[in-house]
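Take a look at the structure below.
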Amino acid sequence: MNMPTPEDTLTWSDAEYFAFEAMSASSLKQLLKSPRQYQHHLLNPKPKTLNMVLGSAIHCMTFEPMHFDARYAVWDGESRRTKAYREWKERQEMAGRTCITVSEHETARRVAQAASRHPLMLDLLGHPGTQVERVIVWQGLFGLCKAKIDLLHCSEEHGLVVCDLKTTGTELDEHTLQQSMGRYAVHLQLWHYFEAACAYYGRTSEVTFDSRLMALYAQTAAPHDTTACELGPETVAQVRELYADLAQVYSSCTELGSWPGQPAERLIEVPAYYTQLK
């Protein structure tokens with residue numbers, strides 16, 4: 001497989017990106033669960049849910065608003081269960097557009113507006129050192145790798161910034177965000193993006209004082225609050241080791257042609273608060 005150049009990937013559509021076979025952040029998250037889960041993920045890609053469609057619409061409206069009308073069609077009729085909707089949807093999809101409702105469009109507009117007004121976005125969106133929805137393909141620890149970074153920035157003024165926009169229906173307190181970032185392996189995703197950025201800019205993957213790995217969370221429900229979460233130094237050190245360990249697992253599984261799942265048995269101690277009378 002030929003290695004695409006940065007010029008090639010600059011114009012890739014989502015379909016071209018997903019069709020290109022390489023290790024992605026979403027695949028890494030499955031590998032973290034188990035090698036068997038990773039293999040299942042590759043062979044059984046999940047269709048987009050309504051929440052995923054809304055998230056993609058928010059991303060487009062935040063980072064590429066000039067392309068929104070070409071990529072999305074807004075249904076202003078009645079239920080999506082009607083024949084009229086199905087016929088309209090078929091026409092829109094043949095034209096390459098994703099279908100959303102008026103309500104979803106309004107939510108996307110409000111969330112994108114809130115995200116765009118965050119101080120981080122005000123500083124970086126439109127800055128000459130910023131690229132949005134940047135696709136990078138490189139040779140890394142997992143062989144051929146790929147990433148699509150929401151916001152990639154590099155300048156003397158702000159240093160190197162990797163930022164991913166996350167939409168959520170939950171609260172934005174510190175505990176909830178810690179749990180969410182850990183559960184959904186956002187730290188692993190951001191490190192994969194950092195590896196991509198280092199390959200793109202010709203840097204070594206050493207985190208320096210001018211490197212920031214960030215997730216910008218935006219609520220999908222009113223008041224559409226936002227907060228930027230930067231990985232702390234301890235997490236960065238740990239996720240770097242995790243990334244290298246996963247590369248070793250991947251290499252071993254590839255070499256042996258074996259992709260094991262969960263352990264056959266576990267010894268479990270249920271927390272005491274589940275075994276006592278309230």
Side-chain angles (χ1 to χ4, degrees), residues 4-14 16-17 25 52-72 74 96-98 100 104-138 146-168 172 177 186 189-203 207-220 222-231:
T5 66
E7 290 73 25
D8 294 331
T9 60
L10 188 62
T11 57
W12 271 10
S13 64
D14 281 349
E16 289 173 303
Y17 174 77
M52 291 169 67
V53 170
L54 176 60
S56 296
I58 292 169
H59 276 69
C60 183
M61 198 169 283
T62 302
F63 298 110
E64 301 177 296
M66 72 293 293
H67 298 308
F68 189 86
D69 290 341
R71 296 177 183 174
Y72 292 87
V74 181
R97 298 187 188 93
T98 298
I100 60 175
E104 290 166 340
H105 179 263
E106 179 61 15
T107 296
R109 186 189 68 79
R110 290 179 181 274
V111 177
Q113 185 177 64
S116 299
R117 289 176 176 173
H118 186 277
L120 180 69
M121 295 293 103
L122 290 175
D123 281 343
L124 299 184
L125 284 178
H127 190 288
T130 296
Q131 300 182 67
V132 296
E133 301 293 352
R134 183 54 171 143
V135 172
I136 299 173
V137 174
W138 76 103
K146 67 179 180 180
K148 187 173 185 180
I149 305 174
D150 288 345
L151 186 148
L152 176 62
H153 178 91
C154 189
S155 69
E156 291 187 5
E157 181 182 2
H158 297 290
L160 176 61
V161 181
V162 169
C163 183
D164 192 67
L165 175 61
K166 299 292 185 187
T167 54
T168 180
L172 298 182
L177 289 170
V186 174
Q189 176 183 0
L190 290 175
W191 184 266
H192 187 66
Y193 288 177
F194 178 67
E195 292 274 346
C198 289
Y200 180 77
Y201 289 114
R203 290 186 169 204
V207 177
T208 58
F209 69 92
D210 71 336
S211 302
R212 306 181 73 189
L213 284 61
M214 312 187 72
L216 175 63
Y217 279 82
Q219 290 180 318
T220 53
H224 306 295
D225 204 356
T226 60
T227 186
C229 301
E230 181 176 356
L231 296 188

(message) How long is the straight-line distance from CD1 of I58 back to OG1 of T107, given to the nearest 0.5 Å?
(response) 7.0 Å

(request) Determine which pairs satisfy salt bridge (Lys or Arg N to Asp or Glu O under 4.0 Å) with at least one residue from residues 191-201, sequence neighbours left out, and list them in order. (result) none

Distance-only check: which donor-acceptor pairs under 3.5 Å involve side-chain atoms of residues 115-123, not counting sequence neighbours?
{"from": "S116", "atom 1": "OG", "to": "A112", "atom 2": "O", "distance (Å)": "2.8"}
{"from": "H118", "atom 1": "ND1", "to": "L120", "atom 2": "N", "distance (Å)": "3.0"}

(message) The test is side chain to side chain contact (heavy atoms under 4.5 Å, CB included); show your working for Q113 and M61 and say whether it passes.
(response) CA-CA 8 Å; Q113 185 177 64; M61 198 169 283; over 6 Å; no

(request) May I ask you to test the L231-W191 pair for a side-chain heavy-atom distance under 4.5 Å? (result) no

(request) With sequence neighbours excluded, tell me which residues meet side chain to side chain donor-acceptor pair (under 3.5 Å) with H158. (result) none

(message) Using the rule given for side chain to side chain contact (heavy atoms under 4.5 Å, CB included), can you reason through K166 versus V186, listing the C-alpha separation, both sets of side-chain angles and the distance that settles it, and then say yes or no?
(response) CA-CA 9 Å; K166 299 292 185 187; V186 174; 4.0 Å; yes

(request) Mind checking side chain to side chain donor-acceptor pair (under 3.5 Å) for E104 and listing every partner two or more places apart, or none if nothing turns up? (result) R80, T101

(message) Counting C-beta onward and ignoring hydrogens, is there a side-chain heavy-atom pair between I100 and V53 closer than 4.5 Å?
(response) yes

(request) Return yes if some donor-acceptor pair links the side-chain N/O of T130 with the main-chain N/O of L124 below 3.5 Å, else return no. (result) yes

(message) Please give me the minimum heavy-atom distance between H153 and S155, naming the atom from each residue.
(response) NE2-OG, 2.7 Å

(message) Once ring pair (Phe, Tyr, Trp, His ring centres under 6.0 Å) is applied, do any residues pair with Y193, and if so which ones, sequence neighbours excluded?
(response) none

(message) Can you give me the closest heavy-atom contact between L190 and A215, atom names plus distance?
(response) CD1-N, 4.1 Å

(request) State the OH-SG distance between Y201 and C154, to the nearest 0.5 angstrom. (result) 5.0 Å

(message) How long is the straight-line distance from CE of M52 back to OG1 of T98, given to the nearest 0.5 Å?
(response) 11.5 Å

(message) With rounding to the nearest 0.5 angstrom, report the CG to OG1 distance, L10 to T5.
(response) 9.0 Å

(message) Please list all pairs meeting salt bridge (Lys or Arg N to Asp or Glu O under 4.0 Å) that have one or both residues in residues 106-116, counting only residues at least two apart or in different chains.
(response) E106-R109, E106-R110

(message) If we ignore hydrogens and angles and just use 3.5 Å, is the side chain of K146 paired with the main-chain N or O of Y17 as donor and acceptor?
(response) yes

(message) Testing the basics here: between V111 and T220, what is the closest heavy-atom pair and its distance to 0.1 Å?
(response) CG2-CA, 3.8 Å

(request) Would you list the pairs meeting side chain to side chain donor-acceptor pair (under 3.5 Å) in which at least one residue belongs to residues 55-64, sequence neighbours left out? (result) K48-S56, H59-D150, E64-R71

(message) If I compare all heavy atoms of V135 with all of T9, which pair ends up nearest, and what's the gap?
(response) O-OG1, 3.1 Å

(message) Would you compute the distance between atom CG of L152 and atom SG of C163 and round it to the nearest 0.5 angstrom?
(response) 10.5 Å

(message) Please check: side-chain N/O of H224 versus main-chain N/O of A114, any donor-acceptor pairing under 3.5 Å?
(response) no

(message) Just to verify, what does T168 make a side-chain contact (heavy atoms from CB on, under 4.5 Å) with, not counting sequence neighbours?
(response) T170, L172, Y217

(message) With a 4.5 Å cut-off on side-chain heavy atoms, are Y72 and R97 touching?
(response) no

(request) Working to the nearest 0.5 Å, report the span between CD of E157 and CG of D210. (result) 13.0 Å

(message) Please enumerate all residues that pass side-chain contact (heavy atoms from CB on, under 4.5 Å) together with D69, with sequence neighbours excluded.
(response) none

(message) With heavy-atom distances below 4.5 Å as the criterion, would you say the side chains of E230 and L213 are in contact?
(response) no

(request) List the atom of L177, the atom of C229, and the distance in Å for their closest heavy-atom pair. (result) CD1-SG, 3.6 Å

(request) Please name the pair of heavy atoms, one in A228 and one in M214, separated by the smallest distance, quoted to 0.1 Å. (result) CB-CE, 3.9 Å

(message) Going by side chain to side chain donor-acceptor pair (under 3.5 Å), name the residues that satisfy it together with Q131, two or more places apart in sequence or in a different chain.
(response) R134, Y200

(message) So, using side chain to side chain donor-acceptor pair (under 3.5 Å) as the criterion, who are the partners of E16 when residues are at least two apart?
(response) S13

(request) For salt bridge (charged side-chain N to carboxylate O under 4.0 Å, His left out), just list the numbers for K148 and D164, CA-CA rounded to whole Å, side-chain angles, deciding distance to a tenth of an Å, and then say yes or no. (result) CA-CA 10 Å; K148 187 173 185 180; D164 192 67; over 6 Å; no

(message) Are the side chains of V137 and W12 in contact, using a 4.5 Å heavy-atom criterion?
(response) yes

(request) Only counting residues at least two apart or in another chain, list the ones meeting side-chain contact (heavy atoms from CB on, under 4.5 Å) with T11. (result) none

